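Predicted model, so just to flag it, every value in this text is computed and none were measured.
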Amino acid sequence: ESTFGSNYQSWMWKRHAGMDVVTFDGTGANLTVAHSLNAVPEFMWIKAKSYGGEWKVYQKDRGPTNILRLAISNAEETGQTVLQSTNPTKTHFFTSGSLSLSSQSYIAMLFASVDGISKVGSYTGNGSTTGPSVTTGFQPRLIIAKRANDSGSWVIYDSLRGFGTVGGTHGQLSLNSNNAESNSSTFFQVSSTGFSVHDDSPAVNGNNDNYIYYVHA
């Protein structure tokens, strides 16, 4: 949502079939945390509320030991145990170590794919200006993408600021940066059934690189 003519924009989710928010308190030991998503979380952002620290990110295709950080562009950190090396279930997710410090409180944002509404997934880049095509089953109005196996910004695009045509440009913001919007990218084109990559930038389409995405209608 935005105010016409404003320099600010926000993206807001409503708790529904594809999104849940959970708060929990750390104990210093492993935790099993209940949620009400009523689906297996495919994408999770978890952060301490009561002290400084990064958003730790889980994505289903990268698994519970490959952890990304939402506020930085670094590659995923492999061999991590903060999620007990365990995938979440339809009713619970699991934390340990730095995500269960004694007397600290935490917040978790959970996302899942919902037919016609949202999609969590991944694709492999080919290093070409004719990049991969991704079928979501709906026309995206929001795209978040991140190179997982190497450094790269969390790029975010939306229909309010505009998706460009092939050869055109559209506004790029990065979740991990406070930089102003860039209007020079040609990364994505959307269709009624998904999106396609139209740039050979390592940010979205490095050859044989692994990318995760979240899209919403």
Side-chain angles (χ1 to χ4, degrees), residues 1-14 16-19 42-43 45 57 59-62 68 70 72-73 75-76 109 111-217:
E1 180 176 322
S2 71
T3 301
F4 182 77
S6 171
N7 290 323
Y8 297 89
Q9 183 169 338
S10 60
W11 302 271
M12 291 169 283
W13 284 264
K14 182 179 181 179
H16 71 316
M19 194 269 178
E42 298 174 310
F43 196 30
W45 305 351
V57 179
Q59 201 269 356
K60 66 182 181 70
D61 296 327
R62 307 310 296 170
L68 288 155
L70 195 63
I72 59 177
S73 61
E76 63 192 4
M109 299 176 66
F111 303 87
S113 301
V114 178
D115 288 348
I117 296 176
S118 60
K119 179 75 171 177
V120 178
S122 60
Y123 64 87
T124 301
N126 63 16
S128 167
T129 54
T130 303
S133 293
V134 177
T135 299
T136 63
F138 57 86
Q139 182 166 323
R141 291 194 298 152
L142 172 74
I143 300 176
I144 299 173
K146 168 77 172 79
R147 180 162 65 165
N149 63 296
D150 205 336
S151 62
S153 289
W154 290 88
V155 296
I156 182 167
Y157 297 90
D158 60 76
S159 59
L160 183 65
R161 291 178 300 123
F163 289 108
T165 58
V166 175
T169 60
H170 39 233
Q172 175 193 324
L173 288 168
S174 300
L175 295 180
N176 55 281
S177 170
N178 63 1
N179 290 346
E181 176 183 80
S182 167
N183 289 292
S184 61
S185 70
T186 57
F187 287 168
F188 300 115
Q189 183 182 30
V190 300
S191 71
S192 61
T193 58
F195 68 94
S196 53
V197 186
H198 290 274
D199 202 292
D200 58 3
S201 168
V204 293
N205 194 23
N207 191 34
N208 291 322
D209 281 333
N210 304 126
Y211 297 86
I212 62 171
Y213 66 82
Y214 172 84
V215 297
H216 203 285

message = If the condition is salt bridge (Lys or Arg N to Asp or Glu O under 4.0 Å), which residues does Asp200 pass it with, not counting sequence neighbours?
response = none
query = Checking Ser153 side chain against Val155 main chain: does a donor-acceptor pair fall under 3.5 Å?
reply = no
ask   = Relative to the ring of Trp45, is the ring of Phe111 parallel (under 30°), tilted (30 to 60°) or perpendicular (over 60°)?
value = tilted
ask   = How would you list all residue pairs meeting ring-ring contact (aromatic ring centres under 6.0 Å, His included) that involve residues 112-142, not counting sequence neighbours?
value = Tyr123-Tyr211
ask   = Can you list the steps and then say if Ile144 with Leu175 is a side-chain contact (heavy atoms from CB on, under 4.5 Å)?
value = CA-CA 9 Å; Ile144 299 173; Leu175 295 180; 4.1 Å; yes
Spacing of Phe195 atom CZ and Phe188 atom CZ [to the nearest 0.5 Å] = 5.5 Å
ask   = In Å and rounded to the nearest 0.5 Å, what is the CD to OG distance from Gln139 to Ser192?
value = 6.5 Å
inquiry  = Could you report the tightest heavy-atom contact between Gly125 and Pro132, atom names first, then the distance?
reply    = CA-CG, 4.3 Å
task = Look up atom CH2 in Trp11 and atom NE2 in His216, then write down how far apart they are to the nearest 0.5 Å.
result = 14.5 Å
ask   = Roughly how far, to the nearest 0.5 Å, is CD of Gln172 from OH of Tyr157?
value = 3.5 Å
ask   = Between the side chains of Ser174 and Asn176, is a donor N or O closer than 3.5 angstrom to an acceptor N or O?
value = no
key: Test item: side-chain donor near acceptor, Asn205 and Asn126, under 3.5 Å   = yes
inquiry  = Tell me the closest heavy-atom pair linking Asn149 and Asn210, and the distance in Å.
reply    = OD1-N, 2.7 Å
message = Return the CG to CD1 distance between Asp61 and Ile212, rounded to the nearest 0.5 Å.
response = 8.5 Å
inquiry  = For Asp115, is the CG atom crowded, meaning more than 12 foreign heavy atoms sit under 6.0 Å from it?
reply    = no
task = Show your working on side-chain contact (heavy atoms from CB on, under 4.5 Å) between Ile156 and Leu142 and close with a plain yes or no.
result = CA-CA 7 Å; Ile156 182 167; Leu142 172 74; 3.7 Å; yes
inquiry  = What verdict does the side-chain contact (heavy atoms from CB on, under 4.5 Å) test give for Arg62 and Val57, after you've listed the backbone C-alpha separation in whole Å, the side-chain angles of each residue and the deciding distance to 0.1 Å?
reply    = CA-CA 10 Å; Arg62 307 310 296 170; Val57 179; over 6 Å; no
message = Is it true that Ser122 and Gln59 share a donor-acceptor pair across their side chains at a distance under 3.5 Å?
response = no
task = Check for a donor-acceptor pair, side chain of Lys146 on one end and backbone N or O of Gly152 on the other, with a separation under 3.5 Å.
result = yes
key: Least distance between heavy atoms, Asn179 atom then Leu173 atom   = O-CD2, 4.2 Å
Lys119/Tyr213 under side-chain contact (heavy atoms from CB on, under 4.5 Å): CA gap, chis, key distance, verdict = CA-CA 8 Å; Lys119 179 75 171 177; Tyr213 66 82; 3.8 Å; yes
Whether Ser201 side chain and Ala203 backbone form a donor-acceptor pair below 3.5 Å = yes
query = Between OG of Ser177 and CD1 of Ile72, what distance do you get to the nearest 0.5 Å?
reply = 13.0 Å
query = Does Ser191 reach the main-chain N or O of Gly194 with its side chain, forming a donor-acceptor pair under 3.5 Å?
reply = yes
remark   = Scanning both residues in full, the closest heavy-atom pair of Pro140 with Val215 reads CB-CB, 4.2 Å
task = List in chain and number order the residues that pass side chain to side chain contact (heavy atoms under 4.5 Å, CB included) with Ser151, two or more places apart in sequence or in another chain; answer none if no residue qualifies.
result = Arg147
